[in-house]
Structure formats: structure tokens, C-alpha cells
Amino acid sequence: MGHRHKSLIISSSAITSRMGSSMIIPRIRRPLTFFFRPGQYCLIRVPSIDQRWWHPFSLSCGPHSDLLEFCMDVHSPSSWTGQLCDILQKAGADEEHQTWKRGASYLSISNQPIEVELKGPYGTGFGCLEQYSHALAIGGGTGIVPILSLLKHHIYHVRELEP
């Protein structure tokens with residue numbers, strides 16, 4: 001069942017391939033009431049870019065993470081992801097844009113945090129993962145993103161096993 005949440009972008013990474021394609025990975029503070037399973041997705045809106053349209057992105061973090069991560073292809077500078085990339089680059093351009101408040105940091109532009117609205121999670125996820133000790137996951141292109149969530153979930157549970 002999808003719910004609405006508001007949060008802040010804490011940090012981000014940008015990756016550019018040798019072929020010139022770009023990807024951004026925003027990390028968003030996870031709302032306390034936000035629970036999901038590997039393979040699910042969210043609708044995201046960044047009011048400083050557009051207050052009307054929501055954009056679907058698969059979660060690439062594990063369900064036990066304190067931060068929500070999304071891997072986003074940047075299609076063109078004028079696209080929604082291109083505009084977000086520009087905002088994140090400006091916010092990360094120097095340390096003055098990194099704001100510290102009550103022990104938590106967030107990215108900001110002109111001392112304004114970069115707010116994010118989330119709807120979700122949506123989708124069925126990958127089922128009852130706890131029933132299996134092995135899995136074969138195949139994904140390509142953007143289909144690899146939900147598999148990253150599955151892998152991080154599996155690593156979390158393997159680390160909890162007693163030797």
C-alpha cells in the first residue's frame with residue numbers, strides 16, 4: 001500500500017560512462033514509516049523541479065538501510081533527471097552547500113534543503129525471500145536496480161548469521 005512521505009536528499013553520487021551516459025544516485029533520508037521489500041519502486045517528486053509530475057524509480061537500497069537510494073539515468077540536461085542532476089551538482093559543488101543540523105546532514109542550495117516527496121512503495125517485490133538460501137537474479141539495463149536491492153537484502157541477512 002503506497003503512502004505519501006516527505007524527506008530530504010542527504011547526499012548523492014554521479015557516474016559518467018566512457019560513452020558519455022550519466023547516472024545519479026540520490027540518497028534520501030528514509031521516513032520512519034517507510035517500509036518496503038526488495039524489488040519495489042516509488043513515485044518521486046522534487047518540488048523545486050516540478051510540483052505536478054511524479055516519476056517512478058526502483059529502490060536500489062536494502063530494506064534495512066536508513067537511507068533510500070535510487071539509480072537514475074540522466075537522459076538530457078532538460079529532462080527531469082537532468083534538472084535533478086544539475087541541482088545535485090550545484091549542492092555538492094562546495095562544502096558550504098552541505099548543511100549540518102542536529103547530527104544529520106542534508107544537501108542544500110542557498111541554505112534551502114532539497115526536499116523530496118515520495119509515494120509508495122509499489123509493486124509486489126520478490127516474494128518470500130526468507131524461504132530460500134539461494135537465488136538466481138537476471139537483470140539488464142535499468143532492470144538491474146531492483147536486483148541491487150535484493151543483493152543488499154541478502155548480504156544483510158548473511159552478515160546476521162552466526163559463524
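- Residues Gln83 and Ser48 form no side-chain contact, since every pair of their non-hydrogen atoms from C-beta on lies 4.5 Å or further apart.
- Atom OG1 in Thr81 sits 10.5 Å away from atom CG in Leu88 (nearest 0.5 Å).
- Note on Tyr41: it clusters hydrophobically with Trp54, by side-chain heavy-atom contacts below 4.5 Å among ILVMFWY residues.
- Remark: Ile10 CD1 to Ile114 CD1 distance equals 10.5 Å, nearest 0.5 Å.
- Annotation: the span from Leu118 atom CG to Arg45 atom CZ amounts to 10.5 Å, rounded to 0.5 Å.
- Hydrophobic clustering (side-chain heavy atoms under 4.5 Å, transitive across Ile, Leu, Val, Met, Phe, Trp, Tyr) groups Ile87 together with Trp80.
- Residues Leu67 and Leu8 share a hydrophobic cluster, clusters being chains of Ile/Leu/Val/Met/Phe/Trp/Tyr side chains in contact below 4.5 Å.
- Classified by interplanar angle (parallel below 30°, tilted 30° to 60°, perpendicular above 60°), the ring pair Phe57/His55 is tilted.
- Connection of Val46 to Phe70 is established within a shared hydrophobic cluster, with ILVMFWY side chains joined at heavy-atom distances below 4.5 Å, either directly or through further cluster members.
- Placement of Val116 and Ile25 in two distinct hydrophobic clusters is found when ILVMFWY residues are connected by side-chain heavy-atom separations under 4.5 Å, directly or transitively.
- Looking at heavy atoms from C-beta onward, Thr33 lies out of side-chain contact with His3 at the 4.5 angstrom threshold.
- Side-chain atoms of Glu69 never come within 3.5 Å of backbone atoms of Pro26 as a donor-acceptor pair (strictly under, hydrogens ignored).
- Taking 4.5 Å as the limit, every side-chain heavy atom of Ser7 sits out of range of all side-chain heavy atoms of Phe34.
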